[in-house]
Amino acid sequence: MEVESLDLGLFMRRRRYQVNLRRMVAQIAGYSITAEAWRPAGRLDGAQPDLSDTFHFLYEKVESYLEEKKRNFNELVQKKRVLYSVEREKAIA
């Protein structure tokens with residue numbers, strides 16, 4: 001009787017991805033809240049802060065930053081996918 005070995009590496013990589021993604025979401029939430037708190041209050045005319053408005057503000061700031069640094073978002077994402085073997089992981093799943 002032959003016993004197949006269990007590949008724990010794939011399971012561990014997926015679990016690490018889930019944990020790290022959750023941490024990134026927490027960091028993005030914290031940074032977004034701080035960014036909104038730092039924005040001039042007068043622009044809201046008494047309106048409550050809105051998450052979609054905050055992300056739109058950050059989108060414009062990130063886009064401006066990437067243009068200033070002459071970086072391309074799509075190219076950077078593709079490099080990260082290769083670095084983290086995302087495409088290979090999808091093929092295995």
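Values reported hereafter were calculated over all heavy atoms of this structure, with side chains retained and with hydrogens, waters and symmetry mates removed.
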List in chain and number order the residues that pass side-chain hydrogen bond (donor to acceptor under 3.5 Å, both in side chains) with [X], two or more places apart in sequence or in another chain; answer none if no residue qualifies.
X	value
Ser52	Asp50
Glu60	His56
Gln18	Arg15

Subject >> Hydrophobic cluster (4.5 angstrom, side-chain heavy atoms) - remaining members for Ile33 >> reply: none

Original post:
If you take all heavy atoms of Leu58 and Ala35, which pair is closest and at what distance?
Top reply: CD2-CB, 3.8 Å

Atom pairs and distances, donor-acceptor, side-chain atoms in residues 19-30, under 3.5 Å, two or more places apart:
from	atom 1	to	atom 2	distance (Å)
Asn20	ND2	Arg16	O	3.4

Original post:
Which value, rounded to the nearest 0.5 Å, describes the distance between Phe55 atom CZ and Glu36 atom CD?
Top reply: 10.5 Å

Original post:
Atom NZ of Lys79 and atom CG of Asn72: how far apart are they, to the nearest 0.5 Å?
Top reply: 9.5 Å

Original post:
Who passes side-chain contact (heavy atoms from CB on, under 4.5 Å) against Lys69, sequence neighbours left out?
Top reply: Tyr65, Arg71

**OP:** Identify, with sequence neighbours excluded, every residue that meets side-chain contact (heavy atoms from CB on, under 4.5 Å) alongside Val62.
**Re:** Leu66

Original post:
Do the side chains of Lys80 and Leu76 get nearer than 4.5 Å, heavy atoms only?
Top reply: no

Original post:
Taking C-beta and beyond as the side chain, do Glu75 and Gln78 meet within less than 4.5 Å on heavy atoms?
Top reply: no

